[in-house]
Amino acid sequence: MASNNAYQLDPGPLDPSVLTEQLTHRSRDIWDGKDNMVLNTRRCDGKFWDLVKKHPIKPRVLEVIKLSGLYGVYRSQRPIVDRSLITSLVERWRPETHTFHFRSGEATITFQDVEVLYGLPVNGNPVLGIEQTRDKAHWQSICARLLGFTPVPGDIKYSCLKVSALNKHMQCQLKLSDMETQDIVNQIARCCMFWLIAGTLMADTSGSYLKLMYLPILEDVNVIGSYSWGSATLA
């Protein structure tokens, strides 16, 4: 900036017709010197990785997970999060164009990225995230049938299940022998897949709850693999 204020840098964009949210974008705060914070991430899959490290998933359960198309997520193990890198990416993300704005040009995450990193299928039936209104008793019944346990009413809030309730149940389930019935094996596999989906692929910012809206999709273990999990994750 010149000393006589004849010239003044503009943080941009020069043409606001596309990037219409500049006034509320994080880059505006940085330009004004009001933000030097490194962002934190809120995840609810940490206890899952601690649990399976202590009690490795049995081969029969893994076979069901492989059939679902979600095995690549499990095989990737706990993701290492670079908070400074995430912060830098957030600063360059533009929600208007769904792209990162770098000095070298624009870039975004593609189907290929999701398919390669997690091995998720990008073809198939759509994952419909319709969050139906169900009371706690209904969700308790679904959990009992699909996950093998009935959470207490206090563990369900706004159609979400407490991570601690699922974690407590799985601590016992993962210790079961390979001689269990196929129904029990499927329930254990659903517990794992549900946690991976709601806690890793489609996690929200709650940090301690898992959305139950994804659970009914896991009812038929032979159909789970027909869904385009990669498309839903990218979206």
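All residue numbers in this chain count up from 1 along the given sequence.
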Discussion item. Test of understanding: with salt bridge (charged side-chain N to carboxylate O under 4.0 Å, His left out), list the residues that count as partners of Arg145, not counting sequence neighbours.
Written reply: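 Arg145 satisfies salt bridge (charged side-chain N to carboxylate O under 4.0 Å, His left out) with Glu219 once adjacent residues are dropped.
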
Worksheet entry | For Glu106, salt bridge (charged side-chain N to carboxylate O under 4.0 Å, His left out) partners two or more places apart |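 Glu106: no salt bridge (charged side-chain N to carboxylate O under 4.0 Å, His left out) contacts found.
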
Item to complete: Identify, with sequence neighbours excluded, every residue that meets ring pair (Phe, Tyr, Trp, His ring centres under 6.0 Å) alongside Tyr209.
Response: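 Expected list: none.
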
Which atom pairs, donor and acceptor, lie under 3.5 Å between side-chain atoms of residues 107-123 and protein residues at least two apart or in another chain?
| residue | atom | partner | partner atom | Å |
| --- | --- | --- | --- | --- |
| Thr108 | OG1 | His98 | O | 2.9 |
| Thr110 | OG1 | Gln112 | N | 3.4 |
| Thr110 | OG1 | Asp113 | N | 3.3 |
| Thr110 | OG1 | Asp113 | OD2 | 3.1 |
| Asp113 | OD2 | Thr110 | N | 2.9 |

Discussion item. Between Trp139 and Asp135, do the side chains contain a donor N or O and an acceptor N or O under 3.5 Å apart?
Written reply: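 Not at all, the side chains of Asp135 and Trp139 share no donor-acceptor pair under 3.5 Å.
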
Could you check if a side-chain atom of [X] sits within less than 4.5 angstrom of a side-chain atom of [Y], using non-hydrogen atoms only?
{"X": "His101", "Y": "Thr99", "answer": "yes"}
{"X": "Gln187", "Y": "Leu146", "answer": "no"}
{"X": "Leu70", "Y": "Tyr227", "answer": "no"}
{"X": "Met170", "Y": "Trp195", "answer": "yes"}
{"X": "His55", "Y": "Lys175", "answer": "yes"}
{"X": "Asn167", "Y": "Lys47", "answer": "yes"}
{"X": "Ser228", "Y": "Asn125", "answer": "no"}
{"X": "Pro151", "Y": "Leu161", "answer": "yes"}

Check residues 56-63 and write down every donor-acceptor pair under 3.5 Å in which the side-chain atom is one partner and the other belongs to a residue at least two apart or another chain.
| residue | atom | partner | partner atom | Å |
| --- | --- | --- | --- | --- |
| Lys58 | NZ | Leu176 | O | 2.3 |
| Arg60 | NH1 | Asp178 | O | 2.6 |
| Arg60 | NH1 | Glu180 | O | 2.6 |
| Arg60 | NH2 | Glu180 | O | 3.3 |
| Arg60 | NH2 | Gln182 | OE1 | 3.0 |

Item to complete: Apply side-chain contact (heavy atoms from CB on, under 4.5 Å) to Ile184 and Thr181, showing your working.
Response: CA-CA 5 Å; Ile184 294 179; Thr181 66; 3.4 Å; yes

Item to complete: Might you work through the side-chain contact (heavy atoms from CB on, under 4.5 Å) test for Arg134 and Leu212, ending with a clear yes or no?
Response: CA-CA 10 Å; Arg134 294 184 171 98; Leu212 287 165; over 6 Å; no

Fill in: Qualifying salt bridge (charged side-chain N to carboxylate O under 4.0 Å, His left out) pairs with a residue from residues 147-168, counting only residues at least two apart or across chains
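Output for this query is empty, none listed.
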
Count I, L, V, M, F, W, Y as connected when their side-chain heavy atoms are under 4.5 Å apart, and connections chain through other members. Are [X] and [Y] then in the same cluster?
{"X": "Val127", "Y": "Val223", "result": "yes"}
{"X": "Leu67", "Y": "Leu218", "result": "no"}
{"X": "Phe149", "Y": "Leu196", "result": "yes"}
{"X": "Val152", "Y": "Leu166", "result": "no"}

Fill in: Step-by-step side chain to side chain donor-acceptor pair (under 3.5 Å) determination, Ser208 to Ser206
CA-CA 6 Å; Ser208 58; Ser206 69; 5.1 Å; no

Just verifying a value: how many Å separate [X] [atom1] and [Y] [atom2], rounded to the nearest 0.5 Å?
{"X": "Leu201", "Y": "Asp45", "atom1": "CG", "atom2": "CG", "result": "9.5 Å"}
{"X": "Asp32", "Y": "Arg28", "atom1": "CG", "atom2": "CZ", "result": "6.0 Å"}
{"X": "Ile217", "Y": "Met193", "atom1": "CD1", "atom2": "CE", "result": "11.5 Å"}
{"X": "Leu51", "Y": "Lys53", "atom1": "CG", "atom2": "NZ", "result": "12.5 Å"}

Discussion item. Just to verify, what does Ala203 make a side chain to side chain contact (heavy atoms under 4.5 Å, CB included) with, not counting sequence neighbours?
Written reply: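 Ala203 satisfies side chain to side chain contact (heavy atoms under 4.5 Å, CB included) with no other residue.
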
Discussion item. Under the rule for side chain to side chain contact (heavy atoms under 4.5 Å, CB included), what residues qualify as partners of Ala144, not counting sequence neighbours?
Written reply: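 Per chain and number, Ala144 pairs via side chain to side chain contact (heavy atoms under 4.5 Å, CB included) with Thr150.
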
Discussion item. Please check this pair: side chain of Ser88 against backbone of Ser84, looking for a donor-acceptor N/O pair closer than 3.5 Å.
Written reply: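 Checking the backbone N and O of Ser84 against the side chain of Ser88, a donor-acceptor pair under 3.5 Å is found.
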
Worksheet item: Can you tell me if Thr200 uses its side chain to pair, donor with acceptor, with the backbone of Ile197 under 3.5 Å?
Response: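 Between the backbone of Ile197 and the side chain of Thr200 there is no qualifying donor-acceptor contact (under 3.5 Å).
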
Fill in: Taking every non-hydrogen atom, the tightest pair across Trp229 and Ile224
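Nearest heavy atoms, Trp229 then Ile224: NE1-O, 3.0 Å.
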
Discussion item. To check you understand the geometry: which heavy-atom pair defines the closest contact between Lys136 and Ile156, and what is its length?
Written reply: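 So the two residues come closest at CE-O, 3.1 Å.
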
Worksheet item: Is it the case that more than 12 heavy atoms not belonging to Lys66 sit under 6.0 Å from its NZ atom?
Response: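 Enclosed.
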
Item to complete: Please step through side-chain contact (heavy atoms from CB on, under 4.5 Å) for the pair Cys191 and His169, ending with a clear verdict.
Response: CA-CA 9 Å; Cys191 289; His169 169 66; 3.7 Å; yes

Worksheet item: Applying side chain to side chain donor-acceptor pair (under 3.5 Å), which residue pairs with at least one partner in residues 69-81 are found, sequence neighbours left out?
Response: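 Every pair satisfying side chain to side chain donor-acceptor pair (under 3.5 Å) with a residue in residues 69-81: Asp50-Arg78.
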
Fill in: Pairs flagged by ring pair (Phe, Tyr, Trp, His ring centres under 6.0 Å) wherever residues 10-41 is involved - sequence neighbours left out
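Counting only pairs at least two positions apart or across chains, no ring pair (Phe, Tyr, Trp, His ring centres under 6.0 Å) contact touches residues 10-41.
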
Enumerate donor-acceptor pairs with a distance under 3.5 Å from any side-chain N or O in residues 14-23 to protein atoms, sequence neighbours excluded.
| residue | atom | partner | partner atom | Å |
| --- | --- | --- | --- | --- |
| Asp15 | OD1 | Ser17 | N | 3.1 |
| Asp15 | OD1 | Ser17 | OG | 3.0 |
| Asp15 | OD2 | Ser17 | OG | 3.2 |
| Gln22 | OE1 | Arg94 | NH1 | 2.6 |
| Gln22 | OE1 | Arg94 | NH2 | 3.4 |
| Gln22 | NE2 | Gly12 | O | 3.4 |
| Gln22 | NE2 | Ser27 | OG | 3.2 |

Worksheet entry | Verdict with reasoning, Leu234 to Ser231, per side-chain contact (heavy atoms from CB on, under 4.5 Å) | CA-CA 5 Å; Leu234 178 60; Ser231 303; 5.9 Å; no

Discussion item. Could you work out, with side-chain hydrogen bond (donor to acceptor under 3.5 Å, both in side chains) as the rule, every residue matching Thr233, not counting sequence neighbours?
Written reply: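 Once residues adjacent in sequence are excluded, Thr233 has no partner under the side-chain hydrogen bond (donor to acceptor under 3.5 Å, both in side chains) criterion.
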
